[in-house]
Amino acid sequence: MSEQKIDNRLWSNTARNLSPYVPGEQPQHENLCKLNTNENPFPPSPKVADAITQVLAQQADELRLYPAPESDDLRAALAQLYALDSHQVFLGNGSDEVLALIFASFFTKERPLLAPDISYSFYPVYAQTFGVNLVQIALEKDFSIDPDTYRQPCSGIIIANPNAPTGLLLSLAHIRKLASEHPNAVIVIDEAYIDFARIDDGNSDMQGSAVSLINEFDNLLVTQTFSKSRSLAGLRVGMAFGNASLIESLTRMKNSFNSYPLDKLAQAGATASILDPEYFKQTCQQVIDLRESLTTQLIALGYQVLPSQANFVFARPHDGKAKEVASMLREQGIIVRHFDKPRIQEFFVSPLARRSSMSV
């Protein structure tokens, strides 16, 4: 069948000029091992399915009604988990929506937004969509972030931590430095993978979430997601934590687009996952153990592997032919992600599987 030609005569200039984000491939064949979108290899807490089933069984009639627009029960559970006030918690339809609302709420064309040149590839798309002047700051040669390179006027800074696709972690000391040196800019720390970060080197500044700094800095926003560590990518639940005034701005922006971003089932399932902390800790540790095992195996094969604190590893074959390795794995039924971009084209990203069938 020939490809249909798209007529864009009636499109706005914004839509016509966009370069949309390209998500990882969603294979249609069951015999493929899908490792290209950093999903959790373990299922969510059994309490999630129980909570959703209970809603369907006991409150099915309520599905004709709109859900709580601010997801009050889930916000309260998250506030209690992080020792915050509910007014410091914002919820959206996945962290991607939360990030989009952040771009729309705080960043401008007149004052640049600073971000690493190698990071989550959705950031440039958001910048283009909302007319934000994005200035990308080069990572160091070892792919680390030097906060001193961000010492310039801006409307905001956004950093994925641990970074994607490198998996490297920025210390809390460095985040504190960024927030203190830019009091008139919004500092966004995108913590999609923070629950897999485990540093045991005696340096407390390398440990934990930047949520712990929120009450210290009124210009700090921390985003997280239920997709990775809580195995709920299919429910689409993301959140932001910050000063109440920042959260109010996000709420106003959300309610100008979609007042009901989370349905009743997503709210119930996400809340139930928070109420099963032992399962959460257990599966996070299992992912960490898998990460360390895969790292050891790849290094033994001569690969360069960055010290990841996420649920994936960023690896370079000894000959730098990452694209060829990714193609070879695809032929074996294993999909990993390769970015054919400057500085990282010799690396590929490999998330973790419970039973590794990789032969590289």
Side-chain angles (χ1 to χ4, degrees), residues 11-23 70 88-137 139 145 150 152-165 170 175 178-179 182-194 210-211 214 217-228 236-262:
W11 295 14
S12 70
N13 286 334
T14 299
R16 188 178 296 113
N17 295 324
L18 285 177
S19 299
Y21 172 75
V22 179
E70 308 304 335
Q88 295 175 296
V89 182
F90 176 83
L91 286 155
N93 190 246
S95 62
D96 285 339
E97 180 185 73
V98 174
L99 289 166
L101 293 171
I102 288 172
F103 271 69
S105 298
F106 303 112
F107 305 140
T108 68
K109 182 179 295 185
E110 294 73 27
R111 298 170 61 211
L113 167 67
L114 309 181
D117 64 333
I118 300 171
S119 191
Y120 186 26
S121 54
F122 222 142
Y123 299 157
V125 177
Y126 294 136
Q128 184 185 25
T129 303
F130 296 107
V132 173
N133 177 17
L134 178 67
V135 174
Q136 296 179 305
I137 308 295
L139 296 180
I145 293 173
Y150 289 77
Q152 54 185 283
C154 62
S155 62
I157 296 171
I158 185 166
I159 291 174
N161 196 45
N163 197 12
L170 186 68
I175 294 171
L178 290 171
H182 298 84
N184 297 317
V186 177
I187 310 302
V188 180
I189 306 299
D190 181 359
E191 292 187 340
Y193 303 99
I194 193 63
V211 172
I214 283 173
F217 298 100
D218 62 7
N219 61 332
L220 180 64
L221 266 176
V222 180
T223 63
Q224 292 185 5
T225 177
F226 280 71
S227 296
K228 309 301 183 181
R236 311 308 303 129
V237 181
M239 57 276 205
F241 306 98
N243 178 278
S245 64
L246 297 181
I247 299 302
E248 176 60 23
S249 177
L250 287 177
T251 302
R252 289 167 61 87
M253 188 62 69
K254 170 187 77 74
N255 289 338
S256 299
F257 282 93
N258 179 8
S259 297
Y260 305 96
L262 293 184

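Just so it is clear, the values below take in all heavy atoms, side chains as well, and ignore hydrogens, waters and symmetry mates.
Looking at every heavy atom in both residues, Leu250 comes nearest to Ser105 through CD2-OG, 3.8 Å. Between Gly242 and Leu221 the shortest heavy-atom distance is CA-CD2, 4.0 Å. Contact detail for Phe130 and Ala100: the closest heavy-atom pair is CE1-O, 3.4 Å. For the residue pair Leu134 and Ala127, the shortest heavy atom distance occurs at CB-CB, 3.7 Å.
Judged by distance alone, the side chain of His182 and the main-chain N or O of Tyr150 form a donor-acceptor pair under 3.5 Å. Ser256 contributes a side-chain N or O that, together with a main-chain N or O of Arg252, makes up a donor-acceptor pair within less than 3.5 Å. Asn133 places no side-chain N or O within 3.5 Å of a backbone atom of Glu110 that could act as its donor or acceptor partner.
Put simply, the side chain of Thr225 does not reach to within 4.5 Å of the side chain of Val237, judged on heavy atoms. With a 4.5 Å cut-off on side-chain heavy atoms, Leu114 and Gln136 do not count as touching. Counting only heavy atoms from C-beta outward, the side chains of Met239 and Phe90 never approach each other to under 4.5 Å. Counting heavy atoms from C-beta on, the side chains of Gln224 and Ile194 come closer than 4.5 Å. The shortest distance between side-chain heavy atoms of Ile137 and Asp117 does not fall below 4.5 Å. Looking at Tyr123 and Asp190, their side chains come closer than 4.5 Å, going by heavy atoms from C-beta outward. Within the 4.5 Å cutoff, the side chain of Phe107 has heavy atoms near those of the Val186 side chain. Looking at heavy atoms from C-beta onward, Ile175 lies out of side-chain contact with Phe217 at the 4.5 angstrom threshold.
A distance of 11.0 Å separates CG in Leu101 from CG in Asp96, rounded to the nearest 0.5 Å. Rounded to the nearest 0.5 Å, atoms CD (Gln128) and CG (Asn17) are 7.0 Å apart. With values rounded to the nearest 0.5 angstrom, Ser95 atom OG is found 6.5 Å from Tyr120 atom OH.
For Tyr193, the ring pair (Phe, Tyr, Trp, His ring centres under 6.0 Å) partners are Phe312, not counting sequence neighbours. Partners of Phe226 by ring pair (Phe, Tyr, Trp, His ring centres under 6.0 Å), not counting sequence neighbours: none found. Lys254 pairs by the salt bridge (charged side-chain N to carboxylate O under 4.0 Å, His left out) definition with Glu70, not counting sequence neighbours. With sequence neighbours excluded, the residues forming a ring pair (Phe, Tyr, Trp, His ring centres under 6.0 Å) with Tyr260 are Tyr66, listed by chain and number. For Glu97, there are no salt bridge (charged side-chain N to carboxylate O under 4.0 Å, His left out) partners, not counting sequence neighbours.
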Passes side chain to side chain contact (heavy atoms under 4.5 Å, CB included), Phe122 versus Leu99? Steps please. CA-CA 9 Å; Phe122 222 142; Leu99 289 166; over 6 Å; no
List the steps, then state whether side chain to side chain contact (heavy atoms under 4.5 Å, CB included) holds for Asn93 with Asn258. CA-CA 10 Å; Asn93 190 246; Asn258 179 8; 5.9 Å; no
Evaluation steps, side chain to side chain contact (heavy atoms under 4.5 Å, CB included), between Leu113 and Phe103: CA-CA 9 Å; Leu113 167 67; Phe103 271 69; 3.4 Å; yes
Checking Thr223 against Phe241 for the side chain to side chain contact (heavy atoms under 4.5 Å, CB included) test, could you report, in this order, the C-alpha distance in whole Å, the side-chain angles of both residues, the deciding distance, and whether it holds? CA-CA 6 Å; Thr223 63; Phe241 306 98; over 6 Å; no
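Side chains of Ser227 and Arg236: a donor-acceptor N/O pair is present below 3.5 angstrom, by distance only.
Of the candidates Leu246, Asn243, Val211, Ile189, Ile189 is the only one forming a side chain to side chain contact (heavy atoms under 4.5 Å, CB included) with Leu220.
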Report, one line per pair, each donor and acceptor closer than 3.5 Å where one atom sits in a side chain of residues 155-165; sequence neighbours left out.
residue	atom	partner	partner atom	Å
Ser155	OG	Arg111	O	3.0
Ser155	OG	Pro112	O	3.4
Asn161	OD1	Leu170	N	2.5
Asn161	ND2	Leu170	O	3.1
Asn163	OD1	Ser119	OG	3.0
Asn163	ND2	Ile118	O	3.0

